[in-house]
Structures are given as structure tokens and as C-alpha cells.
Amino acid sequence: MFDTILIANRGEIACRVITTAKRLGIKTVAVYSDADRNAKHVSMANRAVHIGASQASESYLNFDNIIEAAKQTGAEAIHPGYGFLSENPKFVQAVGDAGLTFIGPSAAAIEAMGLKDSAKALMQKANVPVVPGYHGDNQDPDFLTKEAEAIGYPVLIKARAGGGGKGMRLVEKPADFKSELESAQREAQASFGDPICLIEKYITKPRHIELQVFGDNHGNVVHLFERDCSLQRRHQKVIEEAPAPEMPQNVRNAMGKAAVDAAKAIGYSGAGTVEFIVDGSNGLQEDGFWFMEMNTRLQVEHPVSEAITGLDFVELQLRVAAGEVLPVTQSDLTINGWSFEARIYAEDVPKGFLPAIGTIEHLRFPGATAFKRGSVRVDSGIREGDEISPFYDPMIAKLIVHGPNRATALKMLHSALGDCHIGGSVTNLAFLSALSAHFGFASGDVDTGLIGRDLDKLSKEKAPDQIVTATAGLMAAGLLKSAKENQNDPWNALSGWRHWSNGDCIAQLIMDDVSIEQRVQILGQGHFIINGELGPVELSVTHEDDTRFRIFSEGETRRLDVAKVGNQIFVFDAGQSFSFTVPDPLARSGGELDQTDDIVAPMPGLVTIVSVNEGDQVAEGDPMIVLEAMKMEHALFSPRDGVVAERLVDSGAQVLDGSLLLRLEPKDA
């Protein structure tokens with residue numbers, strides 16, 4: 001076994017690898033960019049080496065700096081995590097040439113599966129079923145249009161070097177094909193340096209089921225059962241589970257054999273995932289699944305498979321890379337219970353899942369294990385006070401639950417999501433909470449279109465009710481006291497006392513730029529009447545522990561978590577989170593600008609296309625600008641009819657969240 005390994009990654013996966021390495025007595029070396037100087041993975045490792053600027057191209061994608069860091073620190077092997085260089089055969093070759101061990105498959109195996117077109121041809125030779133489509137190199141738009149017509153709509157455009165939904169477009173009618181092809185090719189070029197796309201038949205009720213495989217350097221390959229990753233948004237996984245619901249044993253056996261055959265066809269060693277598209281329209285059938293691609297690395301969702309098999313996949317990776325034989329055979333493996341994983345992101349769901357940045361001012365997770373199996377597990381590379389950077393994927397944490405059966409595990413997931421409290425950045429927690437309670441999902445009737453069909457309901461933003469707003473007002477006025485404070489400080493016990501009557505005060509808040517004013521009448525210790533826009537509400541408040549308060553009002557008891565950080569107040573209520581600002585009473589309010597004519601960047605990103613110039617007339621809904629953020633394209637459209645008065649950016653400009661891009665004026669101005 002290795003004495004020292006270097007982790008060529010960051011965030012959650014770097015922390016995950018370090019945890020297992022420590023358990024095995026292996027020393028670890030972290031690498032970090034300028035943006036990650038104070039990151040969690042840096043503090044967890046035995047040593048840490050700075051490898052470059054914040055941009056991934058100058059740090060986490062820099063071969064030379066990473067390999068030099070391994071040599072300087074005496075690391076014998078490099079673990080790539082996932083993303084970045086994990087599936088780059090040139091990096092694998094460079095690691096080997098430096099006399100180091102790559103903890104993963106060979107460069108040849110990665111190369112064989114790296115391009116979707118050649119991978120499908122290879123799978124056909126191995127008798128693994130593949131989806132009908134065009135997988136050649138001809139990228140002439142007219143030629144591909146004819147191929148799409150021959151396949152039959154709807155079709156899926158896929159970057160051959162793609163992954164994570166990047167460079168992928170669903171096209172449902174011929175009129176949209178060429179524009180979607182151009183967009184997919186641009187995104188593929190930006191993400192992978194390879195614009196070539198393939199065309200496939202789109203399965204109308206598809207399920208995304210993948211098989212975890214492991215191979216060693218002695219010719220042994222096993223599968224560790226399936227994961228269902230059908231809950232997706234824009235081809236990106238949201239909630240994964242293992243095993244797959246309604247999976248007949250004969251279909252599991254057939255898919256397992258196909259996955260093992262795929263791995264053996266390329267002499268695979270290490271952790272890998274064979275992904276299949278499955279027709280879910282008439283139940284799962286032995287002839288109803290087709291090879292999509294193979295991910296030649298550890299997957300983000302690997303913890304659900306660890307939960308049902310009882311194995312540590314990072315440990316298996318390390319043992320295989322060190323030349324050991326796989327410690328399990330296929331007959332040793334069984335499925336134990338059910339597991340779900342939810343990916344918690346800093347993203348604005350109502351605004352189309354736009355990635356967000358910000359400082360995590362308040363962070364509380366449910367009682368859980370970290371980076372190892374447990375009934376509730378939280379894997380995170382973020383700590384309270386950390387910033388969500390615009391340079392990398394905005395994942396905050398992975399929440400994993402493991403229960404005896406699907407129904408129990410799903411209830412555990414919903415409950416644990418409600419106990420995740422994150423303040424300082426918008427997140428997808430409310431969306432995940434709604435999704436975990438979705439009737440179709442609960443019944444096991446899942447496919448990749450489920451989220452899209454019910455997106456409005458799942459992403460609907462909930463306004464705070466009267467009790468939430470009133471409780472935030474009490475915190476703003478300094479009237480929420482802990483039980484410890486109330487017991488030990490006699491002055492707290494006199495809160496609101498006046499010689500002639502009980503005292504009143506005004507609580508002021510701001511939410512989404514709207515001012516909220518409430519008059520608070522103090523009736524006694526923990527007993528208030530709050531008058532706001534919706535009229536009076538009477539509350540009795542008792543502190544329970546930490547940030548949790550029990551609120552009694554009108555015969556109902558609620559439990560809310562309330563935290564104040566600086567001038568921010570965060571209220572967490574059953575999976576929903578609300579953020580309020582306490583205004584500075586000494587600050588002067590300036591005049592508000594009418595920004596209805598301003599087109600601003602909804603997130604930090606790179607301007608890739610500006611399709612209008614000053615003086616151009618535009619109609620509501622016309623495309624104006626394309627922004628690239630987190631390697632995904634986001635189009636900005638005209639909010640109304642008008643004329644472009646000012647064009648303030650050009651293609652290639654890097655802009656911040658809120659940057660002014662264009663200014664419109666009425667046509668007759």
C-alpha cells in the first residue's frame with residue numbers, strides 16, 4: 001500500500017479521499033488554487049501545495065504543477081477525484097511517465113471510452129446494446145439535419161466528449177435543429193475543447209440507470225449493482241438512489257452482465273460506471289436498455305452504492321491501484337436496504353437554476369456521519385464562513401440517507417433535508433424538499449422528464465407566512481433570547497417592563513428589497529403581539545436549543561430555526577429558508593433607479609455572444625446575449641419591445657453578477 005498520495009482535486013471529493021486515506025494510515029497531500037487557499041480540504045490534508053491561480057486552467061488542470069507537487073512532497077500516487085483531470089488520458093500518461101501511480105484506469109481504457117462515438121462502436125463489438133443514432137465525424141449541419149430526420153424526432157444532440165449534461169440538447173422539431181446544434185457545439189468546445197457532436201434517438205419515457213463496476217489488474221471485474229439517476233434537470237443529476245425502483249432480478253442480471261462485458265472489453269481497472277438509457281414506458285425489460293457511456297472514474301453519487309454494499313469505494317481504488325486483487329467476488333455481493341443522495345447546490349431555482357455565489361454565513365447539517373457510511377451522511381467541502389466561488393462547481397454538500405427499504409429511506413431524506421440550514425447564499429434545498437415529497441417519485445414512477453413536467457410546482461417560491469415574518473421581527477428587535485440567557489440574566493427577565501405599562505417597539509426588516517415594518521407589543525417574558533401588514537398575531541416563544549425556537553400561536557405549535565449573522569436574519573421552516581436584512585437606522589436611503597430598461601447579468605460569467613447592436617429594434621423574447629457560467633450557456637432575452645440604447649459589453653467580456661450589459665429604450669424615445 002502507498003505511504004503518501006496526492007489528491008489532484010478540491011472540495012468535497014478531496015475531503016472524501018483524505019478521510020479514507022487517514023483511516024488506512026496513508027499520508028495525504030492537498031493542492032490548492034488562490035481561491036482555495038483557506039479551503040477545508042487544505043486543512044484536512046497532512047501537507048498542502050499551492051498550484052496556481054483561481055482559474056481551473058491555471059491550477060487544477062495544470063499537469064506540470066500537480067506532478068511537480070507530488071514529486072516535491074514524496075507522494076507515490078495521484079488520486080484525481082472526479083471532474084478536472086480524472087478522465088484525461090494525457091494526464092494519466094504524464095503521471096506514469098513521472099514514475100508515479102495514477103489511482104484509476106489506464107490511459108488506454110479512458111481513451112477508449114472518452115469519445116461517445118468510438119465507445120459505442122466498441123460496445124457494439126462486445127455485444128453491448130447501444131442506442132440508434134449517428135456517431136460519425138461529419139459535422140456538416142445539412143448532413144446532420146438529414147441524419148436527425150432519418151432517426152426520427154425527438155432526437156438528442158450530444159457532445160462526443162461530453163459529460164454532466166454539457167453540450168447536450170433535446171430537439172423536438174426540425175426547425176430548431178440547426179440552432180441547437182450550434183449551441184451544443186459551442187458549449188462542447190468551451191467545456192472539452194472538442195465541438196464534435198453525435199445524434200441519437202430520444203427515448204420518450206427514459207430512465208437513467210447506471211451500473212457501478214470495479215476491476216483490478218489481475219483480470220477480475222465485478223458490478224456492485226445499479227443506481228437510478230433518472231431525476232435530472234437539464235441532463236444533470238439531482239437525486240440518485242440505489243437500487244433502482246421496480247428492478248426485476250432478470251433485468252438486473254442482464255444489465256450487470258452488459259456492464260461487466262463493457263469493462264472487460266477495455267481491460268478496465270479501478271472504479272467505473274457504465275450508464276444505460278432505459279425504456280420505462282412498459283416496465284423494465286431485458287431488451288429495453290442501451291449503452292450510453294462509461295464514466296472512467298469515481299462518480300459523484302458513489303455513496304449510495306457504498307451504503308447498500310457496505311464497501312468503501314475509495315479504499316477499493318487505493319488497493320487496486322497498489323496492485324492488490326479485488327477483495328470481493330460477484331457472489332460475495334448483496335444489496336442491503338435502500339439509499340438516496342441529494343445534491344445541495346448554491347443555485348437560484350426560480351430563476352432557472354442559475355448558479356449563485358456568496359459567503360455561507362450560517363451552516364447547520366443534521367446529525368450525520370461525514371464521508372463514511374451511516375444512516376444519514378453529509379459529504380461537504382464547505383464550512384461556515386466559506387465563499388462559494390464563481391470559478392468552480394457550486395455544490396455545497398451531498399446528503400445521503402440509508403434505510404431498510406425505499407419508503408423509509410425517502411422519508412429519512414425528506415426529514416434530513418428539512419434539517420439542512422444554509423444562510424448567505426440561495427440554494428436548491430426547498431426544491432429538493434419538494435422533490436423528495438413528490439407523489440410520482442414516492443411511488444417509484446420516475447423518468448428523466450419528471451422534473452420538467454412538474455417544474456413550476458417544484459420550483460415555486462414560497463413566501464414567508466405571518467409567523468415566520470413575525471419571528472424574524474422579534475429577532476431583529478433583539479427580543480429572542482436563549483433559555484440560558486433568560487435564566488441567568490435578571491435584566492432579560494424584565495424584557496419590555498415599564499413602570500406604567502408593557503413596552504412596545506418597532507421591528508424593521510427588508511426582504512427582496514421590500515421594507516417590512518412591524519409593531520411589537522411585549523406582553524411578558526416570551527409573549528408578544530406583533531402587528532404587521534396582515535394584522536396582529538400573538539406569539540409565545542420558547543428557546544429549545546442552539547437556534548431552535550418553539551412558537552405557539554392560535555392553538556398551533558411550530559418549531560423554527562432562527563439565526564442572526566451581522567445584519568442578516570435567517571429563518572428555516574420545514575425545508576424552506578428565508579433571508580431578511582435588518583436595515584441600518586443611520587443609513588440614508590438613496591433614490592431608487594428604474595431598471596426596467598436595464599439588461600443585467602443574472603450571475604458571474606463570460607459573454608460568448610452579443611447578437612444586438614446600438615439602434616437595433618428588438619421584440620419581447622428576442623435573444624440578445626449568451627453568457628457562459630460553470631461551462632453552461634445561459635441565454636438572455638429582451639424583456640419587452642424596444643430599441644437598444646446602449647451596448648456595454650462585447651463577446652469575450654468577463655462580467656460579475658448584476659453587471660449592466662445592455663440598456664433599452666422605447667421605440668418612440
Side-chain angles (χ1 to χ4, degrees), residues 12 16 207-210 212 225-233 236-247 299-310 335-347 349 353 363-380 382 395-422 427-448 450-451 454-455 457-459 462 559 561 572-577:
E12 167 267 326
R16 164 74 187 90
R207 288 178 63 178
H208 180 139
I209 298 178
E210 59 189 31
Q212 176 72 54
F225 310 110
E226 78 279 0
R227 297 186 287 259
D228 195 313
C229 305
S230 299
L231 281 187
Q232 299 183 6
R233 185 268 312 166
Q236 291 185 310
K237 301 164 187 175
V238 178
I239 295 179
E240 302 97 345
E241 63 181 299
E246 306 299 329
M247 170 64 79
Q299 291 279 86
V300 177
E301 59 272 20
H302 75 272
V304 295
S305 296
E306 290 184 321
I308 66 166
T309 60
I335 295 174
N336 173 29
W338 215 284
S339 183
F340 288 94
E341 174 183 293
R343 303 186 186 191
I344 302 171
Y345 277 92
E347 59 184 9
V349 174
F353 296 88
L363 183 63
R364 296 291 184 275
F365 291 124
T369 59
F371 308 111
K372 58 183 179 181
R373 296 190 311 279
S375 57
V376 179
R377 166 178 167 177
V378 176
D379 287 8
S380 177
I382 297 292
M395 181 187 286
I396 296 173
K398 302 185 313 193
L399 175 65
I400 306 103
V401 298
H402 180 222
N405 52 57
R406 190 174 191 271
T408 301
L410 190 54
K411 288 179 180 178
M412 293 168 64
L413 178 67
H414 185 72
S415 176
L417 285 166
D419 288 335
C420 291
H421 300 156
I422 303 171
T427 73
N428 65 342
L429 272 169
F431 168 74
L432 293 173
S433 184
L435 188 56
S436 67
H438 186 280
F439 174 78
F441 183 34
S443 68
D445 184 19
V446 295
D447 63 83
T448 58
L450 184 149
I451 289 176
D454 287 347
L455 184 58
K457 185 185 299 183
L458 291 168
S459 61
K462 182 180 177 182
R559 282 176 170 80
D561 279 74
F572 305 96
D573 178 28
Q576 301 284 330
S577 64

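We count residues from 1, following the sequence as given.
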Which heavy-atom pair separates Leu413 from Ser436 by the least distance, and what is that distance? CD2-CB, 4.1 Å
Answer yes when Arg343 and Glu301 have at least one side-chain N-carboxylate O distance shorter than 4.0 Å, and no when they do not. yes
Given side chain to side chain contact (heavy atoms under 4.5 Å, CB included), test His438 with Asp454 step by step and report yes or no. CA-CA 9 Å; His438 186 280; Asp454 287 347; 2.5 Å; yes
Qualifying residue, where the test is side chain to side chain contact (heavy atoms under 4.5 Å, CB included) with Leu432 and the options are Leu231, Leu399, Val349, Val238: Val238
If only atom types and distance count, is the side chain of Asp379 paired as donor or acceptor with the main-chain N or O of Lys398 below 3.5 Å? no
Dump the intermediate steps for side chain to side chain contact (heavy atoms under 4.5 Å, CB included) on Leu450 and Leu435, then the final yes or no. CA-CA 10 Å; Leu450 184 149; Leu435 188 56; 4.0 Å; yes
Decide yes or no for Leu455 and Phe353: does some side-chain heavy atom of the first lie under 4.5 Å from some side-chain heavy atom of the second? yes
Would you mind reporting whether Ile382 and Ile422 have side-chain heavy atoms less than 4.5 Å apart? no
Tell me if a side-chain donor or acceptor on Arg406 pairs with a main-chain N or O of Ala244 at a distance below 3.5 Å. no
Side chains of Leu410 and Val401: closer than 4.5 Å at any heavy-atom pair? no
Any side-chain heavy atom of Glu210 within less than 4.5 Å of one from Ser305? no
Fit a plane to each ring of Phe572 and His421, take the angle between them on a 0 to 90° scale, and name the class: parallel (under 30°), tilted (30 to 60°) or perpendicular (over 60°). parallel
Phe431/Ile451 under side chain to side chain contact (heavy atoms under 4.5 Å, CB included): CA gap, chis, key distance, verdict: CA-CA 10 Å; Phe431 168 74; Ile451 289 176; 3.9 Å; yes
Over all heavy atoms of both residues, which pair between Ser375 and Met412 is shortest? Give the atoms and the distance, please. O-CE, 3.4 Å
Is it true that Arg227 and Glu341 make a salt bridge, defined as a side-chain N closer than 4.0 Å to a carboxylate O? no
Using the rule given for side chain to side chain contact (heavy atoms under 4.5 Å, CB included), can you reason through Asp228 versus Met247, listing the C-alpha separation, both sets of side-chain angles and the distance that settles it, and then say yes or no? CA-CA 10 Å; Asp228 195 313; Met247 170 64 79; over 6 Å; no
Is there side-chain contact between Glu240 and Gln299, with at least one heavy-atom pair below 4.5 Å? no
Side chains of Trp338 and Pro404: does their closest heavy-atom pair fall under 4.5 Å? no
Closer than 3.5 angstrom, by distance alone: can the side chain of Ser443 be matched with the main-chain N or O of Gly440 as a donor-acceptor pair? yes
Shortest non-hydrogen pair, Ile308 vs Gly337, comes out as CG2-O, 3.8 Å
Evaluate the criterion salt bridge (charged side-chain N to carboxylate O under 4.0 Å, His left out) for residue pair Arg233 and Glu347; output intermediate values, then yes/no. CA-CA 13 Å; Arg233 185 268 312 166; Glu347 59 184 9; 3.5 Å; yes
Verify, without hydrogens or angle tests, whether Asp573 (side chain) and Gln576 (backbone) share a donor-acceptor contact under 3.5 angstrom. no
For Glu246, look at atom CD and say whether over 12 heavy atoms of other residues, nucleotides or ligands are found less than 6.0 Å away. no
Can you find a pair of side-chain heavy atoms, one from Ser339 and one from Glu241, that are under 4.5 Å apart? no
Measuring only between side-chain heavy atoms, which start at C-beta, is Ile344 closer than 4.5 Å to Cys420? yes
For the side chain of His402 and the backbone of Val376, is there at least one donor-acceptor N/O pair under 3.5 Å apart? no
Shortest non-hydrogen contact from Gly575 to Ser433? CA-OG, 4.1 Å
Where the side chain of Ser230 meets the backbone of His208, is there a donor-acceptor pair that is under 3.5 Å apart? yes
Any idea which heavy atoms bring Ala397 and Phe365 closest together, and the distance? CB-CZ, 3.7 Å
Looking at Glu306 and Arg16, does any basic side-chain N land under 4.0 Å from a carboxylate oxygen? yes
